[in-house]
Student: 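Structure below; questions to follow.
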Amino acid sequence: MTVSVMWFRADLRLADQGALRSAIESGPDGVVPLFVLDDHFDPSNMPVRSAYLARLLADFDERIGGLHVVRGRPEVEVPRVVEQASASSVHVTGGHTPYAMRRDRRVADALGDVPLVDADSSYAVAPGTVRKGDGTSYKVFTPFFRSWQAQGSHPPVTAVRSHAVPWLRSGRSAALPEVTETDVDLPPAGEQAARAHWRRWLDDHVDDYDGERDRPDLDSTSRMSVHLKWGTIHPRTLLADLAERSSAGARAYERQLAFREFYADVLHEWPHSAFGYYNRDYERMQYDEPAGDFEAWKEGRTGFPFIDAGMRQMLAQGWMHNRVRMAVASFLVKDLHLEWTHGARWFRERLVDADLANNQHGWQWVAGCGTDAAPYFRVFNPVGQGKRFDPDGAYIRRWVPELRGVEGRGVHEPWTLEEPPADYPPPLVDHAQERLEALRRHDALGG
DNA sequence: AGTCGTTTGGA
DNA sequence: CCAAACGAC
């Protein structure tokens, strides 16, 4: 009997998209599903994501009847499980961050003659494979998008759900993390939840996506980011469903999926951009040190209702509408003059969908130092964004209880009210002034 | 995936 | 007088 180990990387890219098929094609009679909780895994650094991961692992464990979870270093634990199971191959599936790639190489070295097969990526097109005619990678989204579309991707795999190859049940794993209570209103975890949610959104909302996606008050985005991040659904599944639709909304959604693929490709090509400036000119800019204003931003007490609503939505749900992410990021970088890395770290702590490539490059786009970034002089107006994308203020009233009693559009500028709510803070900064300060600091860079 | 001050053209 | 369009940052 030949056995293969199916090693899920940091997330649970599931078998229906090719990983298990790839294992089947290599001919094993059984598959050991393995998840390694890395020694470096520290729940205090990612409280929201670790709470979600525990739910996800529990769901997976229940569904396949025994996920093998071990704690330790992958280069030690993967070979150990291979030896215990007398496996002849390891199929790895999941995210393509530079860190995952480096870790794979260490594991491959430790495995010796047992092949480590990169069974599937968590992207429609694997990072590092969309290339210009001269073989170099793209730095601008639009040409990447065209090339990515032209390249296409194979259809999603659906038939392997029939369990042509049995999972080798290992019994309940002692290392399975405990599912603990959390104050965060987390979305349901698991593949079935992901598929059900997608189906519903596709039927009811995708055709309106183009017109409504920027409106946090309507809450009409797909909220699929969490499922894509954790791999409980594959983008190829989404693309196949979208291809059957002719609406502008379906096309706009494909474009958003392509942004995710673009940033994964960028990170793959420039690993340093995960935690440093993609455009290193911006390292020299003058920044302030995080202080009380940073704490106010984190807690949603800046006195700018649209900004505070977003930050509080993130604390409550581990999720924030993308339009608001851009506005709060701009506020941190250009009104508070803090480095984007501080904000990106807070997002990674509090967002359940925090994905390294999307998060870091989304921030760098706003900060003007990323690939195909917004020019630095594009400064979001924290009030104007609210008026434009939350016209009636419903989003603000939902997330900022102090302002719930304020009727009309005055809710965007409570300091102009005759009687501003006493328990809501005054604006932390003068936006017009700080905007000019940001432009001044940028000018000081020269060139 | 922006904002702001200015200009322009129609009422 | 005001909105839409425009160009600069």
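Within every chain, numbering begins at 1; the chains are lettered A, B, ... in the order of the sequence lines, protein sequences first and strands thereafter. All values reported here derive from a predicted model rather than from experimental measurement.
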Student: Step by step, work out the side-chain hydrogen bond (donor to acceptor under 3.5 Å, both in side chains) result for Y277(A) and H272(A).
Tutor: CA-CA 8 Å; Y277(A) 289 79; H272(A) 82 267; over 6 Å; no
Student: By the salt bridge (Lys or Arg N to Asp or Glu O under 4.0 Å) test, which pairs, at least two apart or in different chains, include something from residues 405-426 of chain A?
Tutor: K387(A)-E413(A)
Student: The criterion is ring pair (Phe, Tyr, Trp, His ring centres under 6.0 Å); which residues satisfy it with F304(A), sequence neighbours excluded?
Tutor: F331(A), W415(A)
Student: Excluding sequence neighbours, so at least two apart, what forms side-chain hydrogen bond (donor to acceptor under 3.5 Å, both in side chains) with S153(A)?
Tutor: none
Student: How would you label the contact of F259(A) with the nucleic acid (heavy atoms, under 4.0 Å): base, sugar-phosphate, or nothing?
Tutor: base
Student: Could you check how far CZ of R435(A) sits from C1' of dC9(C), rounded to whole Å?
Tutor: 8 Å
Student: Identify, with sequence neighbours excluded, every residue that meets ring pair (Phe, Tyr, Trp, His ring centres under 6.0 Å) alongside H431(A).
Tutor: none
Student: Considering only heavy atoms, which members of residues 322-344 of chain A lie under 4.0 Å from some atom of DNA chain B?
Tutor: N322(A), R323(A), M326(A)
Student: Using a 4.0 Å cut-off to any heavy atom of chain A, which nucleotides of DNA chain B are the first and last in contact, reading 5' to 3'?
Tutor: dA1(B) to dC4(B)
Student: Applying side-chain hydrogen bond (donor to acceptor under 3.5 Å, both in side chains), name anything that partners D308(A), two or more places apart in sequence or on another chain.
Tutor: T302(A), Y424(A)
Student: Among residues two or more places apart or on two chains, list those pairs meeting salt bridge (Lys or Arg N to Asp or Glu O under 4.0 Å) that have a residue in residues 272-282 of chain A.
Tutor: R280(A)-E283(A)
Student: What are the residues of residues 372-396 of chain A, sorted by number, that bring a heavy atom to within less than 4.0 Å of DNA chain B?
Tutor: F377(A), R378(A), V379(A), F380(A), N381(A), Q385(A), R388(A)
Student: When we call it a touch if two heavy atoms are under 4.0 Å apart, what does R440(A) touch: a base, just sugar-phosphate, or nothing?
Tutor: nothing
Student: Output all residues satisfying ring pair (Phe, Tyr, Trp, His ring centres under 6.0 Å) with H361(A), sequence neighbours left out; order by chain, then residue number.
Tutor: Y263(A)
Student: Which residues pass the side chain to side chain contact (heavy atoms under 4.5 Å, CB included) test with A344(A), not counting sequence neighbours?
Tutor: W340(A), N359(A), Q360(A), W363(A)
Student: If the condition is ring pair (Phe, Tyr, Trp, His ring centres under 6.0 Å), which residues does F262(A) pass it with, not counting sequence neighbours?
Tutor: F141(A), F144(A)
